[in-house]
Each structure stands twice: as C-alpha cells, then as structure tokens.
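From a predicted model like this one, the values you see are computed outputs, not experimental measurements.
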Amino acid sequence: MPLQGSLVEMSLANLIQVNCQEMRSARLQLTYDGRNGEVYFSDGQVVHAVLDDKIGIEAVFEMLAWDNGAFMLDRDAPSPGKTISLNWNELLLQGMMRVPEKTASKAEAEKNKTQATLKQLRAIEGVTGAVISASDGIVLGADIPGSDGEQEAAVAVFVGSAAEQMGETLQMGLLSHGVVTLKDKRLLVLQLPDRFVGLVLSGERTSPAIVTTAAKETLRK
C-alpha cells in the first residue's frame with residue numbers, strides 16, 4: 001500500500017534522506033499547486049526525476065523549494081531511466097543552497113503582483129489611495145498619498161475582523177464592504193479570504209457600492 005502524506009509534515013529533503021539511507025527502490029509522486037512531479041530511487045540513490053519539462057537534477061531542485069503539497073510513495077517501483085548520477089547527499093546540498101534564491105524570486109514576483117493590483121485599484125474612478133493588508137495587519141502593499149498605509153491597514157483589519165466575528169455569530173457570512181470615516185478621509189473596506197483591502201474614497205459623492213463592484217472585478221483578475 002502506498003505511503004501518503006503532506007509535504008508540510010515531511011519535506012522532500014527528508015523523504016530523500018530517509019529513502020536513500022534505507023536503500024529503498026521506489027517512486028515518489030509529488031503534487032503542489034496543480035503541478036505533478038516524480039522522483040525515483042534505486043539502491044539508495046536518487047536516479048531519475050521529472051517535473052513538467054524539467055528532467056533530472058533541475059526537476060529535483062525545483063521540487064525542493066515546495067513548502068506545501070502532497071506526496072505518495074510507491075515502494076519497489078522501477079525507474080523508467082537514469083538521469084541523475086550525483087550522490088544523494090551532494091544532490092540535497094546543492095538543491096538546498098538554491099532554495100533561498102527561489103524563495104526570494106517568489107517573494108519578488110508576489111510583490112510585483114501586489115504593486116500591479118494597487119495600481120489598478122487606484123485607477124478606479126473615485127479612489128485616491130489603496131492598501132492591501134494580510135489578515136494579521138501586516139501591510140503587503142500601499143499606494144496612499146502622504147501615508148505608509150499602516151493606519152489604513154489597521155482600520156481595515158479591525159473592521160473586517162469585527163464584521164467577521166459578527167457574521168459568524170449571526171450566521172451572515174463574509175463582509176461585502178464597509179465604509180469608515182477617518183479624520184480626513186473615507187475608507188472603503190473589502191474582505192477577501194486571506195487579506196483585507198482598504199480604498200480611500202475621493203469624496204462624499206463617491207458611491208461605495210459602485211467602487212466595490214469595480215474593485216472586486218479587478219481583484220478577480
């Protein structure tokens with residue numbers, strides 16, 4: 001019977017170490033974010049790997065950076081070929097050295113995506129500033145003239161969290177949107193599954209409902 005589990009509980013690096021130390025021959029199937037990869041073991045070594053169009057060492061290096069996903073280990077499954085000759089210890093050493101580089105690249109890509117989203121939100125008629133915050137209040141990105149977004153993010157999280165608790169108590173579901181009047185601005189708060197968005201409205205005549213519709217359309221893209 002295949003052994004199944006989560007890469008959160010047991011990473012690929014640990015799986016490679018255990019299988020190689022126990023001199024197992026096996027096929028390890030990995031799944032993460034809609035991608036499927038395979039790693040093959042024979043006589044205590046990693047001998048073959050494939051992920052998308054990557055084969056061999058590069059496929060292993062790519063999968064070592066996965067911080068989530070699932071695995072399934074089939075023991076005594078033969079390898080379809082041999083594309084890796086590097087000792088498993090050296091393979092892991094080289095692969096783990098590359099993980100920080102991939103993590104940094106991923107973080108940079110996420111940052112660029114957030115900045116692009118902020119620009120699109122700012123382009124909505126009636127919006128003069130935007131902030132995106134994680135559920136714990138950390139500012140993921142802000143584009144508000146004269147502000148670093150910290151205050152607006154704190155208000156968005158407070159309002160969104162309070163509305164979420166009230167919604168659970170009254171069985172009302174997630175907050176669609178809410179408007180908070182600060183000292184010198186009106187802030188439209190939107191709640192997403194894993195973050196909050198605060199939009200500074202340009203004036204009293206700006207319709208929160210219209211801006212909400214446009215913002216949600218932007219956030220779905």
Side-chain angles (χ1 to χ4, degrees), residues 1-118 132-141 157 191-197 218-221:
M1 181 178 180
L3 175 65
Q4 301 182 52
S6 168
L7 290 174
V8 174
E9 299 173 353
M10 193 167 191
S11 68
L12 175 56
N14 289 334
L15 288 165
I16 289 176
Q17 182 177 7
V18 170
N19 277 276
C20 290
Q21 287 179 340
E22 295 185 0
M23 301 293 289
R24 289 177 180 169
S25 293
R27 176 181 62 193
L28 179 63
Q29 296 175 291
L30 306 172
T31 304
Y32 174 60
D33 198 23
R35 305 174 71 190
N36 299 295
E38 294 182 339
V39 178
Y40 288 86
F41 303 88
S42 180
D43 299 325
Q45 293 294 335
V46 179
V47 295
H48 178 60
V50 58
L51 173 66
D52 301 330
D53 59 345
K54 294 183 174 65
I55 298 175
I57 291 176
E58 291 301 321
V60 176
F61 289 167
E62 182 81 14
M63 290 183 282
L64 280 171
W66 290 2
D67 57 3
N68 208 328
F71 71 84
M72 182 169 67
L73 182 69
D74 292 306
R75 294 187 175 91
D76 300 322
S79 174
K82 184 177 177 63
T83 56
I84 300 174
S85 57
L86 198 63
N87 182 278
W88 71 268
N89 286 290
E90 184 64 24
L91 179 67
L92 280 185
L93 179 61
Q94 292 188 21
M96 296 309 292
M97 289 176 64
R98 293 195 181 192
V99 169
E101 298 176 7
K102 292 183 179 296
T103 302
S105 298
K106 183 178 179 181
E108 184 65 25
E110 189 67 27
K111 179 180 178 181
N112 292 337
K113 181 180 178 181
T114 299
Q115 291 301 319
T117 300
L118 287 170
I132 299 176
S133 168
S135 56
D136 58 3
I138 295 177
V139 177
L140 301 177
V157 171
Q191 182 181 12
L192 302 179
D194 60 345
R195 60 194 60 189
F196 296 95
V197 175
T218 296
L219 294 167
R220 274 196 292 266
K221 295 178 181 178

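- Screening L51, V50, I16, L92 for a side-chain contact (heavy atoms from CB on, under 4.5 Å) with V60, the sole residue that qualifies is I16.
- Between V157 and S133 the shortest heavy-atom distance is CG2-OG, 3.4 Å.
- Scanning both residues, K54 and A59, for their nearest heavy atoms gives O-CB, 3.7 Å.
- Contacts of M72 classified as side-chain contact (heavy atoms from CB on, under 4.5 Å), with partners at least two apart in sequence or in another chain: P2, Q4, Q29, D74.
- What you find for A26 and R75 is that their closest heavy atoms are CB-CA, 3.9 Å.
- When side chains are defined from C-beta on, L7 counts as touching L15, because their heavy atoms get closer than 4.5 Å.
- In this structure, the side chains of D52 and E62 stay at 4.5 Å or more apart for every pair of heavy atoms.
- In this structure, the separation between CZ on R24 and CG on D76 is 10.0 Å, given to the nearest 0.5 Å.
- R27 contributes atom CZ, which lies 9.5 Å from atom CG of L73 (distance to the nearest 0.5 angstrom).
- Contact of the L3 side chain with the F71 side chain is registered, since non-hydrogen atoms from C-beta on lie closer than 4.5 Å.
- Judged as a salt bridge (charged side-chain N to carboxylate O under 4.0 Å, His left out), and not counting sequence neighbours, R195 has no contacts.
- Listed for the Q45 side chain is a donor-acceptor partner under 3.5 Å among the backbone atoms of W88.
- In plain terms, the two heavy atoms of H48 and G81 that are nearest each other are CB-O, 3.3 Å.
- From S85, atom OG reaches atom CD of E90 across 11.5 Å, with rounding to the nearest 0.5 Å.
- Between L12 and L28 there is a side-chain heavy-atom pair separated by less than 4.5 Å.
- The side-chain heavy atoms of R35 and L30, taken from C-beta on, include no pair separated by under 4.5 Å.
- Looking only at side-chain heavy atoms (C-beta outward), N19 and V39 stay at 4.5 Å or farther from each other.
- Put simply, the side chain of K113 never gets that close to the backbone of Q115: no donor and acceptor are under 3.5 Å apart.
- How far CD1 of I84 is from CD1 of I57: 6.0 Å, rounded to the nearest 0.5 Å.
- Atoms CE and CG, from M96 and L93 in turn, are 10.0 Å apart once rounded to the nearest 0.5 Å.
- Other residues, nucleotides and ligands place more than 12 heavy atoms under 6.0 Å from the CG atom of N68.
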